[in-house]
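Since the model is a prediction, treat every value here as computed from it, not as a measurement. Note that these values count all heavy atoms, side chains included, but never hydrogens, waters or copies made by symmetry. Numbered from 1 within each chain, the chains take letters A, B, ... in sequence-line order.
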Protein chains: 2
Amino acid sequence: MSSESTAIRTTDLPANSHINFPVLANEAGWRCQGNLWSTLHDVCELLHIPTPVSANSEDGLFQHVRYKAGQRIHTIGQHFENLYIVNSGFLKSVLIDEYGNEQVLSFPMKGDLLGIDGIYTQRHASEAVALSDCDVILVPYKTFSALGRTYAELEQAMFSAMSRELVREQAMISMLSALSAEAKVARFLTNLGERFGQLGYSNKVFNLRMTRHEIGSYLGLTLETVSRTLSAFNELGMITVDQRQIGIIDPIALKTLRRLPPAKSRSKVSKIVSEKVSEKVSALVAKNLLPQWNSELASSLN
Amino acid sequence: MSSESTAIRTTDLPANSHINFPVLANEAGWRCQGNLWSTLHDVCELLHIPTPVSANSEDGLFQHVRYKAGQRIHTIGQHFENLYIVNSGFLKSVLIDEYGNEQVLSFPMKGDLLGIDGIYTQRHASEAVALSDCDVILVPYKTFSALGRTYAELEQAMFSAMSRELVREQAMISMLSALSAEAKVARFLTNLGERFGQLGYSNKVFNLRMTRHEIGSYLGLTLETVSRTLSAFNELGMITVDQRQIGIIDPIALKTLRRLPPAKSRSKVSKIVSEKVSEKVSALVAKNLLPQWNSELASSLN
DNA sequence: CGGTAACTTGAACCGTGTCAATCAGTGTGG
DNA sequence: CCACACTGATTGACACGGTTCAAGTTACCG
């Protein structure tokens, strides 16, 4: 099964293969009674929103659905009925343009909300694909909407979540049009690390669940540029790369790597933090792979 | 007053200079009793959403605020209290990055909703600047929220509007990372034309209200590239350009201008529609300024 | 009518895409 | 068990689209 096939969206796998055998799910240790259903309280907890104080335990039960890597949670054009909340696993959200090229929009993971883009036209504008086996909570929009009318806080949380998503996309737009390739990749790694950290995993060592091609699509780069940039960071001693295994060694350097400023007045930095790789660093600087450091940081290094 | 000044966000002008003298507003002929206030019905009409059937006329009156070109409707970090609906005029919504560079996110005009990004953190994430004199309806979020709880349709419309905005931004992300400079500019002109058309203006001849720099920021290009691309389209006979006055001559060509496909197998198109400019066209094609035409259209031209 | 901001155009540079070759990892079938 | 196919990743050579820098023109405004 090729999760890379672009235009061809075979429906070899049903979008919703409901109800598998009950498994002890929740790889991240989220509390679970071995069930396939979650309460409203569970859902709120997962989304990090306060549970409505007056909520009673029979307000709703939400079905879990499991997807295997490669399966689609929803496809473009599919009638919008449900929102989805990721309970475990790793996915990608993609747009398919008029020529069948896929554009990765996000890499949702535990606690993320999917399907919001379907509200507008009542059809999904994007598709969500599992990159690993996933456990997803299915929230019928009608049910959720009704609950929102009962519990004002819930509705408010929904507005808040949508607003957050909007802000996130704005930041994405800004990044896409303003940053260099190195800065994009550096930020990508930093953000991914932070997200893993928030889930209780290491924010320094983690596995990329997506291909270089998918990273490139997400960042507006080619897979070769992504690969080269990772290699460069590796040689620099900022990270370690072994296939999809990433280790972040110098998070500060990653976080402060920026786009080349309009002025060509960038000071040729000759000495960098980590001594054991400094010669490689200067080699890289000579090749202009380190366009600029945050100025105050750069000066603090000399 | 420099609407171009980047980092420096002087508060020389109050964000809200409430209550000016009553003017016969509404340049676009929107119905108006010469007032500074709009009813819920007015607001719904402006937003193209159905007025709640049960709404009574005293549900709310919404204040109009006028801004002169260059004034800010809201600024980044400002406490979020209101949503804004553009009744007339032309604005830009911008993000300011950590180095003071501005990133244009959108060019709101009549009927557009502003300020949604403030819901999440209760502070505005972007700022909105008037590019021309504007008449804006101020909708207190609390009031609106309360009305939403009274009228389910209204709340639903709000979800829908936010979802639409999300989809629009996704399309923007896709465009930024996948299209060539020419395709970006072509789409920009097409979209702008369509928006003017929907407002009852000409979709063929219109004035750009923003600078080349702002267009470039919006499209992820430099102002020089924007200028050059417009000149090229002009020479091609696809549009006319006289400073900010744009005339769209060949909307089809504009709409079907695409990015160079991954395969280098692009057929060298030798003949194009408009005969009186065909020689210039082929010159352009030779320079690869016309990377590809929509295939079925291209074939229909020969 | 001067001063400034916006726009246009040219020339050179360089970051990133494109193309191609190679290698590693994984699954498959003889 | 190995050969084979296939996908993903790495790396190099090269080309080119778009940025950068610079100069000059036009439009606008006090």
Original post:
For DNA chain C, whose closest nucleotide is more 5', that of B:Val226 or that of A:Gly220?
Top reply: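 Going by which nucleotide is closer to the 5' end, it is B:Val226.
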
At under 4.0 Å, does any side-chain N or O of [X] touch on OP1 or OP2 of [N]?
{"X": "B:Arg228", "N": "D:dG18", "answer": "no"}
{"X": "B:Thr222", "N": "D:dG18", "answer": "no"}
{"X": "B:Arg244", "N": "C:dC7", "answer": "yes"}

Considering only [options], which nucleotide approaches the side chain of [X] most closely?
{"X": "B:Glu224", "options": "C:dT16, C:dT9, D:dT10", "result": "C:dT9"}
{"X": "A:Ser231", "options": "C:dT16, D:dT11, C:dC7", "result": "D:dT11"}
{"X": "B:Ser180", "options": "D:dG18, C:dT8, C:dT16", "result": "D:dG18"}
{"X": "B:Thr211", "options": "C:dT16, C:dA6, D:dT19", "result": "C:dA6"}

Would you check if the side chain of [X] reaches a backbone N or O of [Y] as a donor-acceptor pair within less than 3.5 Å?
{"X": "B:Asp97", "Y": "B:Tyr99", "value": "yes"}
{"X": "A:Asp250", "Y": "A:Ala253", "value": "yes"}
{"X": "A:Thr240", "Y": "A:Gly247", "value": "yes"}
{"X": "A:Asn191", "Y": "A:Phe188", "value": "no"}
{"X": "B:Thr190", "Y": "B:Ala186", "value": "yes"}
{"X": "B:Ser174", "Y": "A:Gln103", "value": "no"}

Original post:
What do the steps show when you test B:Asp133 against B:Lys68 for salt bridge (charged side-chain N to carboxylate O under 4.0 Å, His left out), and what is the final call?
Top reply: CA-CA 4 Å; B:Asp133 290 4; B:Lys68 290 213 274 281; over 6 Å; no

Original post:
Taking the six-membered ring for Trp, are the ring centroids of B:Phe206 and B:Tyr201 within less than 6.0 Å of each other?
Top reply: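 Judged by ring-centre distance (under 6.0 Å), B:Phe206 and B:Tyr201 do not meet the cut-off.
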
Subject >> Touch class at under 4.0 angstrom, heavy-atom based, for A:Gly216 against every strand present >> reply: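 The answer is nothing, as A:Gly216 stays clear of every strand by at least 4.0 Å.
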
**OP:** Indicate, with a heavy-atom threshold strictly under 4.0 Å, whether B:Leu221 touches base, sugar-phosphate, or nothing.
**Re:** sugar-phosphate

Using whole Å, report how far [atom1] of [X] lies from [atom2] of [N].
{"X": "A:Asp242", "N": "D:dT10", "atom1": "CG", "atom2": "P", "result": "9 Å"}
{"X": "B:Leu208", "N": "C:dA6", "atom1": "CG", "atom2": "C1'", "result": "13 Å"}
{"X": "A:Arg212", "N": "D:dA9", "atom1": "CZ", "atom2": "C1'", "result": "6 Å"}
{"X": "B:Gln243", "N": "D:dC29", "atom1": "CD", "atom2": "P", "result": "12 Å"}
{"X": "B:His213", "N": "C:dC7", "atom1": "NE2", "atom2": "P", "result": "11 Å"}
{"X": "B:Leu230", "N": "C:dT8", "atom1": "CG", "atom2": "C1'", "result": "11 Å"}
{"X": "B:Leu223", "N": "D:dG18", "atom1": "CG", "atom2": "C1'", "result": "12 Å"}
{"X": "B:Ile246", "N": "C:dC7", "atom1": "CD1", "atom2": "C1'", "result": "12 Å"}

**OP:** Mind listing the residues from residues 184-191 of chain A sitting with a heavy atom below 4.0 Å of DNA chain D? Number order is fine.
**Re:**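 Result for residues 184-191 of chain A: none.
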
**OP:** To the nearest 0.5 Å, tell me how far A:Thr256 OG1 sits from B:Glu98 CD.
**Re:** 11.0 Å

Original post:
To the nearest 0.5 Å, how far apart are CE in B:Met175 and CG in B:Leu219?
Top reply: 4.5 Å

Original post:
If an axis is fit to five pairs at each end of the helix from C:dC1-D:dG30 to C:dG30-D:dC1, what is the angle between the two, to the nearest 10°?
Top reply: 30°

